[in-house]
2 protein chains.
Amino acid sequence: MKRKIDKQLDQSTEEKIKAAAYKLFTQKGYAGTRTRDIAEESGINLALLNYYFRSKEKLFDLIMADNMKQFMFGIFAITNDEKTSYEEKFTLIVNAYIDMLTIQPDMPIFVLSEIRYDPSGLIEKMQLDSTIMNSHMIKQLKQASDSGEIEEINPIHILMNILGLTIFPFIGSPLLKKIGGMEDAQFTAMMQERKKLIPAWIKEIIKKK
Amino acid sequence: MKRKIDKQLDQSTEEKIKAAAYKLFTQKGYAGTRTRDIAEESGINLALLNYYFRSKEKLFDLIMADNMKQFMFGIFAITNDEKTSYEEKFTLIVNAYIDMLTIQPDMPIFVLSEIRYDPSGLIEKMQLDSTIMNSHMIKQLKQASDSGEIEEINPIHILMNILGLTIFPFIGSPLLKKIGGMEDAQFTAMMQERKKLIPAWIKEIIKKK
DNA sequence: GTCTATATACGGATAGAC
DNA sequence: GTCTATCCGTATATAGAC
């Protein structure tokens with residue numbers, strides 16, 4: 001007889017498959033991942049993959065949705081928080097991404113690759129436009145701009161800057177490590193430095209001169 | 001009889017295959033591209049692909065090397081030019097990338113994905129470390145730092161900033177367009193704006209306060 | 001050099017026993 | 001739920017005629 005606690009100790013078969021699929025899809029993309037590899041990685045039988053998830057594509061859709069949620073959730077929650085200043089939001093966004101991507105460095109390139117190649121228009125189904133462009137942060141920036149506190153600048157530029165400065169180093173990390181002659185530990189240390197540097201840079205950039 | 005000028009008018013079969021392979025590999029990656037699609041796209045027979053290039057992988061290696069060269073060549077040439085100031089180099093790098101990526105927006109995510117997934121250690125074969133870290137630009141920055149003109153900062157941070165601010169918007173363009181409710185033309189216009197903005201921001205960031 | 005036809009292997013998916 | 005065995009479509013690659 002299984003006791004309740006077993007559920008936490010050993011993963012269910014379904015969870016094992018999902019975990020393996022998550023790892024492989026994120027690493028090698030949809031086309032580069034074979035269902036046989038997922039089965040082997042999770043230590044289960046190939047037939048069980050179809051038993052639980054019907055098809056490779058259905059399994060992928062689940063993983064992709066998970067990834068997208070993780071990739072976007074932080075920024076949704078942070079930009080809409082009415083209790084923080086826009087400066088604090090910069091710091092919160094940068095910290096959230098750096099902490100997440102330090103653990104999962106493959107995620108952004110996976111998400112952005114699959115969105116880009118996607119033949120089925122995955123991105124069309126999401127309502128991203130309203131959610132971020134109507135966020136509390138955008139209102140704060142508009143107000144700061146109107147009062148002459150910061151430069152007049154398209155908020156999309158600011159978003160590009162925050163995400164570019166924060167996410168790009170992870171996307172380019174193999175190249176950047178090679179160029180800088182860095183080990184993983186050094187790279188991680190640099191990204192920790194950037195938690196302080198990036199918010200300061202962004203403020204500097206938008207400040208009225 | 002073929003005249004010399006024909007060589008420019010109609011591509012050779014080999015060139016047609018290469019062009020199609022370039023397009024498809026860059027768009028969909030190695031695993032996502034089928035040799036049949038390359039044949040169809042280039043209007044040639046499938047067997048000719050193997051006749052000219054021996055295998056899919058060999059063809060891919062050619063395309064990849066081309067892409068890498070394009071992706072890195074600008075920065076090599078610019079950072080080592082002894083006739084320009086480091087400020088001018090910022091502008092030249094940003095302009096070169098924005099011009100290139102406006103035409104070939106898929107390139108960076110392709111190159112960086114394939115480098116990341118690469119099982120055969122492609123990146124190890126390149127000597128990137130010495131080429132950029134010993135460049136004229138790095139020396140100029142060190143000198144400016146020693147003389148108190150700019151902040152003391154790891155030049156890798158500066159490289160991350162230039163590339164992140166410039167390249168990331170292209171990598172994330174489908175998402176950013178959706179978020180900002182932009183058409184292609186608007187996005188392109190924004191990137192043209194950034195040709196002026198980014199160099200100014202970088203200078204601002206490193207300036208001694 | 002270019003084609004048609006085909007060998008060969010691989011990958012996704014299922015049938016059916018346990 | 002889980003396994004073995006297998007089907008079947010597809011993808012790379014080649015043989016051989018022209």
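By convention in this document, chain letters (A, B, ...) are assigned in the order of the sequence lines, proteins followed by strands, and residues within each chain are numbered from 1.
With sequence neighbours excluded, the residues satisfying side-chain hydrogen bond (donor to acceptor under 3.5 Å, both in side chains) with B:Asp118 are B:Ser120. Residues satisfying the side-chain hydrogen bond (donor to acceptor under 3.5 Å, both in side chains) test with B:Lys195, not counting sequence neighbours, are B:Asp99, B:Gln192. Contacts of A:Thr91 classified as side-chain hydrogen bond (donor to acceptor under 3.5 Å, both in side chains), with partners at least two apart in sequence or in another chain: none. Evaluation of the side-chain hydrogen bond (donor to acceptor under 3.5 Å, both in side chains) rule for A:Glu204 yields no partner, not counting sequence neighbours. For A:Lys28, the salt bridge (charged side-chain N to carboxylate O under 4.0 Å, His left out) criterion is met by no residue, not counting sequence neighbours.
Between A:Phe25 atom CZ and C:dG11 atom C1' the separation is 13 Å, expressed in whole Å. Whole-Å rounding puts the B:Glu14 CD to C:dT2 C1' distance at 15 Å. If you take CD1 of B:Ile44 and P of C:dT4, they are 12 Å apart, rounded to a whole angstrom.
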Run the side-chain donor-acceptor check on residues 180-190 of chain A: report pairs under 3.5 Å with partners two or more places apart or on a different chain.
unit_1: A:Asp184; atom_1: OD1; unit_2: A:Lys177; atom_2: NZ; d: 3.2
unit_1: A:Gln186; atom_1: OE1; unit_2: A:Glu183; atom_2: N; d: 2.9
unit_1: A:Thr188; atom_1: OG1; unit_2: A:Asp184; atom_2: O; d: 3.0

Could you give the side-chain donor-acceptor pairs of residues 165-175 of chain B under 3.5 Å, partners two or more places apart or in another chain?
unit_1: B:Thr166; atom_1: OG1; unit_2: B:Ile162; atom_2: O; d: 2.6
unit_1: B:Ser173; atom_1: OG; unit_2: A:Arg116; atom_2: NH2; d: 2.8
unit_1: B:Ser173; atom_1: OG; unit_2: B:Phe170; atom_2: O; d: 3.0

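In terms of phosphate contacts, B:Thr13 brings a side-chain nitrogen or oxygen within less than 4.0 Å of OP1 or OP2 of C:dT2.
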Practice task
Could you run through nucleotides 12-18 of chain C and give me one letter per nucleotide, 5' to 3': B if any protein heavy atom sits under 4.0 Å from the base, S if only the sugar-phosphate is that close, - if neither?
Solution key: BBB----

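Within a 6.0 Å sphere centred on NZ of B:Lys178, other residues, nucleotides and ligands contribute more than 12 heavy atoms.
Helix bend of the helix from C:dG1-D:dC18 to C:dC18-D:dG1: the angle between its two end axes, each built from five pairs, comes to 10° after rounding to 10°.
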